[in-house]
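For this chain, numbers begin at 1 and follow the sequence in order. This one's a predicted model, so the numbers in the text were calculated from it and none came from an experiment. Side chains are part of it too, since the values below use all heavy atoms of this structure and drop only hydrogens, waters and symmetry mates.
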Amino acid sequence: MSLRHHLLRSFFASLLCCTTLPAMAADYPTRPIRVIVPFAAGSTVDIIARAISDKMGENLGQPFVIENRGGASGTIGQQAVASAAPDGYTLLLHSSSHTVSPSTFAKLPFDTLADFAGITPIASLPNVLVVSPEKGYKTVADLLAAARANPGTLNFASAGQGSATHLNAEKFKDAANIEAVNIPFKGSSEAVTEVLAGRVDYYFSPIAPVIGQIKEKRLLPLAVGSADRSAALPDVPTVIEAGVPGAQFNFWIGMLAPAKTPRPIIDQLHAAAVQALESDAVKARFLELGAQAWTLTPEQFDQYIEKEIATNADIVKAAGISAQ
């Protein structure tokens, strides 16, 4: 083969390579897209997934089908996505717990960084510290006074050992310098039930599962766990305003794909999500849920996840949480 012939073949091969992925993206999607939610139906992540999935499906011309795969603090659903074909037809809609599990599990069947590609965060949702009115706590100061008067006697609910709700409560406990015992449940619905019954003293709950009970005055909100107040609960102070600086925790929900998903498909999904978040219907639903739309580029989201894994590892270590 002549040198000229070889160079021409190399040129056209490289041209074909460069045009293959855009062509794949142009054809995508051609069938329904499965979105795995690693928590039960009715959970905050599930509610957010359903709030945005219809609009994303409209934007891409194919339905988004929600599949709930709860258990093991979200890791069962994570594993299902990590091992799925990287073709854009299996996605993960997860929470901050995605960056907690590397520190709370001694061994995972996947690599949280290497096996996933970020698409974008979807929403930031402050947790709200709620108590039963029957407990008699009117403010965070009242709760802290009770905790300090009888060290170790108070308990708090979490939606699972090592979950984002658990870490939020641990960060609060550490910042307030109090002792309290974690009571882990399988999800927010069970945790809320026990707080309503008065069997658990307090819970840093996502707003969505408790907004109804707050409006009905069956639960009393003492503070939100974010740095800023929530539009859904504008009269509720932040933990900083309530006198516990350093207790703020960013609870987020985001979309990811298997790591080797082609970048043009990742970019299409990112664009569809951003477009969905700009729709009036999604904005209205998020306002009801106390969710703040939040997006990053895929590259920025990957970087954010990497940093948060390290930050959460420090919280887990300080709280003395044992790896499962």
Side-chain angles (χ1 to χ4, degrees), residues 39-40 42-48 95-97 123-147 153-161 163-176 178-244 247-253 287-292:
F39 301 106
S43 64
T44 302
V45 180
D46 178 72
I47 293 170
I48 292 294
S95 70
S96 306
S97 297
S124 175
L125 302 93
N127 287 326
V128 58
L129 170 56
V130 292
V131 298
S132 167
E134 296 179 1
K135 292 289 182 180
Y137 309 133
K138 302 297 184 183
T139 64
V140 169
D142 292 340
L143 177 66
L144 297 182
T153 59
L154 290 191
N155 57 36
F156 62 88
S158 72
Q161 176 79 359
S163 65
T165 58
H166 182 193
L167 259 65
N168 196 157
E170 290 289 355
K171 197 170 183 184
F172 172 79
K173 187 176 76 170
D174 183 64
I178 61 170
E179 295 179 29
V181 179
N182 173 40
I183 308 295
F185 295 96
K186 293 181 181 179
S188 278
S189 60
E190 288 187 9
V192 171
T193 297
E194 294 305 299
V195 175
L196 283 167
R199 289 187 286 268
V200 178
D201 295 308
Y202 65 94
Y203 177 38
F204 270 93
S205 173
I207 289 177
V210 294
I211 189 69
Q213 292 93 333
I214 289 172
K215 290 179 179 179
E216 295 167 358
K217 301 188 184 304
R218 296 170 61 206
L219 286 175
L220 180 66
L222 302 185
V224 290
S226 52
D228 301 308
R229 291 197 180 197
S230 167
L233 299 168
D235 297 328
V236 178
T238 67
V239 283
I240 301 170
E241 293 171 330
V244 192
Q248 61 272 23
F249 183 89
N250 182 31
F251 178 75
W252 55 263
I253 292 171
L287 183 61
E288 293 174 359
L289 300 171
Q292 177 68 44

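Smallest separation of non-hydrogen atoms from Ala159 and Tyr203: CB-OH, 3.8 Å. Heavy atoms only, all atoms of each residue included: Pro126 and Ser230 are closest at CG-CB, 3.8 Å.
Counting non-hydrogen atoms of neighbouring residues, nucleotides and ligands closer than 6.0 angstrom, the CD atom of Gln292 reaches no more than 12 such neighbours. In this structure, Glu288 places its CD atom where more than 12 heavy-atom neighbours from other residues, nucleotides or ligands lie under 6.0 Å away. Under a cut-off of 6.0 angstrom, the local environment of CG in Asp228 is sparse, with at most 12 non-hydrogen atoms contributed by other residues, nucleotides or ligands.
Val239 has its side chain out of reach of Leu129: every pair of non-hydrogen atoms, C-beta onward, lies at least 4.5 Å apart. Side-chain contact between Val244 and Leu144 is present, with at least one heavy-atom pair separated by less than 4.5 Å. Using a 4.5 Å heavy-atom threshold, the side chains of Arg218 and Leu196 count as touching. Between Leu289 and Thr44, every side-chain heavy-atom pair lies at or beyond the 4.5 Å cut-off. Counting only heavy atoms from C-beta outward, the side chains of Thr193 and Phe185 never approach each other to under 4.5 Å. The shortest side-chain heavy-atom distance between Ser188 and Phe39 does not fall under the 4.5 Å cut-off.
Side chain of Arg229 to backbone of Pro234: a donor-acceptor contact under 3.5 angstrom is found. A donor-acceptor distance shorter than 3.5 angstrom exists from the side chain of Ser96 to the backbone of Trp252, with no hydrogens or angles considered. Here the side chain of Asp142 pairs a donor or acceptor atom with the backbone of Thr139 at under 3.5 angstrom. Looking only at distances, a side-chain donor or acceptor of Ser158 sits under 3.5 Å from a matching main-chain atom of Gly160.
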In sequence, state the C-alpha distance, the side-chain angles, and the governing distance for Ile48 and Leu125, and then conclude on side-chain contact (heavy atoms from CB on, under 4.5 Å).
CA-CA 10 Å; Ile48 292 294; Leu125 302 93; 4.2 Å; yes

With side-chain contact (heavy atoms from CB on, under 4.5 Å) as the test, would you mind laying out the steps for Leu220 and Tyr137 before giving the verdict?
CA-CA 9 Å; Leu220 180 66; Tyr137 309 133; 5.8 Å; no

Show your reasoning for whether side-chain contact (heavy atoms from CB on, under 4.5 Å) applies to Val128 and Leu219.
CA-CA 11 Å; Val128 58; Leu219 286 175; over 6 Å; no

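When each of Asn250, Asn168, Thr165 is paired with Asn127, the side-chain hydrogen bond (donor to acceptor under 3.5 Å, both in side chains) condition holds for Asn168 and for no other.
One distance of note links OG of Ser132 with CZ of Arg199; it measures 11.0 Å at 0.5 Å rounding.
Under the ring pair (Phe, Tyr, Trp, His ring centres under 6.0 Å) criterion, Phe251 pairs with no residue at all, not counting sequence neighbours.
Using bins of under 30°, 30° to 60° and over 60° for the plane-to-plane angle, the ring pair His166/Phe156 lands in the tilted bin.
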